[in-house]
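Order of the sequence lines sets the chain letters (A, B, ...), proteins ahead of strands, with each chain counted from 1.
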Amino acid sequence: MTAFAERLTRWQRSEGRKALPWLRTRDPFQRLVAEVMLQQTQTGTVAPYWERFVGRWPTAAALAAEDRDVVMKAWEGLGYYRRCRLLCDAAERVVTDFGGVTPSDYASLLTLPGIGDATAASLAAAITGERRAMIDGNVKRVLSRVFRIEGAVGEKAFEAEVRSRAEAELPGTEDMAAYTQGLMDLGATVCRPKAADCGRCPVALLCRSHAETPGEETALPRPKKPLAKQKLAVGIVLVRSPSDEVLLGRAPEGVWHGLWVPPMAVLPEEASENLPRRLKDLLGVMALGEELPAMRHELTHRSLTIRAWLLDVDAATFDALKAELVGFETFPVAGHPAVPVPVKRYLAVLRELG
DNA sequence: ATCCGGTCAA
DNA sequence: TTGACCGGAT
């Protein structure tokens, strides 16, 4: 075993994170749920979601049999909602292709929707000790610092060098779980993106970045050019009935696909003043009701300025609007299906207003 | 306000 | 290879 793997593995066994709830189970399905939630999302955010999720659907069969909207509701607020849809697809595939037994080998895992190279390698290493290099953002950072790999994430040479180094460091099967978990623990708690805590690092003595440019471990492999952000004005109308119900429809595709949203219009920010007109046309009404405080919401490549109106209508008008808006359904404000975070905030505002 | 992070489709 | 996808941390 290399010095790096040896030190890292020993450190994980004594100092690594032990309190993460999914580390208490070896059940492949429950670990898979955790791995999917951990894609793009931090452990502290994931923990309560995971507890609820596997408490409710402990097996692939249970998840596969559940209504998608109900599952999405349990995912509400976690973000990247496509992961949830793919996880449901994966559960179905486990039932149909694997007889309900979640696989724990890399090749089989890779065939499941939403399971890519990093997730498959991480799961296989954790559950069976399969010798596969798990390479995620943390690993790229750690390895590029320790072995001083130059270049930017996404560049062919950088990615190839990271992979080559990651494979060269793999320990034997019996140490794979601790080693791979150690890589993740180190990246998350010590070799952080900013403010690396080299005083606590088990491999600081053999880290080239620490030796050659101490104090500059914050230097990351530069990401690619930042993508241009589109500024958009979003208008929504919370149509409320006398019995405290609202109209929501499924978001078609793109942003928030799979979630439910109120009647909505999207315009370039410069055309923001046209939102009321567009919404009135959409609803076929003369007035939009009371305007609520605007909210801002940031997505990967879009900045949203959200304006919202609260339109209180009588029962007959409510039913007429519902009939008018194809695909929209009625939900109690206090029992709505999965909605995007900003919509959830507005619904909370509604409850406070009474 | 900026940074961070896997998978899939185009 | 590039762009789309979300919310929280800093």
Of A:Arg296 and A:Gly116, the one whose closest DNA chain B nucleotide lies more 5':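 Going by which nucleotide is closer to the 5' end, it is A:Arg296.
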Report the distance from atom [atom1] of [X] to atom [atom2] of [N], rounded to the nearest whole Å.
X: A:Leu259; N: C:dC5; atom1: CG; atom2: P; value: 13 Å
X: A:Glu76; N: C:dC6; atom1: CD; atom2: P; value: 13 Å
X: A:Asp136; N: B:dG5; atom1: CG; atom2: C1'; value: 9 Å
X: A:Arg85; N: C:dA4; atom1: CZ; atom2: C1'; value: 12 Å
X: A:Trp256; N: C:dA4; atom1: CH2; atom2: C1'; value: 14 Å
X: A:Arg345; N: C:dG7; atom1: CZ; atom2: P; value: 8 Å
X: A:Leu86; N: B:dC8; atom1: CG; atom2: C1'; value: 8 Å
X: A:Lys344; N: C:dG8; atom1: NZ; atom2: P; value: 11 Å

For A:Thr119 and A:Gln39, does a side-chain donor sit closer than 3.5 Å to a side-chain acceptor? yes
Give a yes-or-no answer on whether the side chains of A:Trp57 and A:Glu66 include a donor-acceptor pair shorter than 3.5 Å.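 Distance-only check passes for A:Trp57 and A:Glu66.
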How are the rings of A:His297 and A:Trp256 set to each other: parallel, tilted or perpendicular (split at 30° and 60°)?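 A:His297 vs A:Trp256 ring planes: tilted.
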If you find the nucleotide of DNA chain C closest to A:Lys156 and the one closest to A:Val339, which residue's nucleotide is nearer the 5' end?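 The residue mapped nearer the 5' terminus is A:Lys156.
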May I ask you to evaluate whether A:His297 reaches the phosphate of C:dC6, defined as a side-chain N or O under 4.0 Å from OP1 or OP2?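 For C:dC6, OP1/OP2 do not have a side-chain N/O of A:His297 under 4.0 Å.
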Side-chain N or O of A:Arg141 versus OP1/OP2 of B:dG5: is the shortest distance under 4.0 Å?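 For A:Arg141, the contact criterion (side-chain N or O under 4.0 Å from OP1 or OP2 of B:dG5) is met.
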Find out whether the Lys NZ or Arg CZ of A:Arg52 is both under 6.0 angstrom from the six-membered ring centre of A:Tyr49 and within 45° of the ring's axis.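 The answer is yes, since A:Arg52 meets both limits relative to A:Tyr49.
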Is any side-chain N or O of A:Tyr80 under 3.5 Å from a base N or O of B:dG5, one able to act as donor and the other as acceptor? yes
Of the listed nucleotides C:dG7, C:dG8, B:dT7, the one nearest the side chain of A:Arg82: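 Nucleotide nearest to A:Arg82's side chain: B:dT7.
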Counting side-chain heavy atoms from CB outward, which of B:dC8, B:dC4, C:dC6 is closest to A:Tyr81? C:dC6
Of the non-hydrogen atoms in A:Ser108 and A:Thr111, which two are nearest, and what is the gap between them? O-OG1, 2.6 Å
Steps toward salt bridge (Lys or Arg N to Asp or Glu O under 4.0 Å) verdict (A:Arg148, A:Glu150): CA-CA 6 Å; A:Arg148 225 173 212 294; A:Glu150 310 282 347; 3.4 Å; yes
With salt bridge (Lys or Arg N to Asp or Glu O under 4.0 Å) as the test, would you mind laying out the steps for A:Asp136 and A:Arg141 before giving the verdict? CA-CA 9 Å; A:Asp136 65 3; A:Arg141 182 174 62 253; over 6 Å; no
Where along residues 36-47 of chain A does a heavy atom come under 4.0 Å from DNA chain B, residue by residue in number order? A:Gln39, A:Gln40
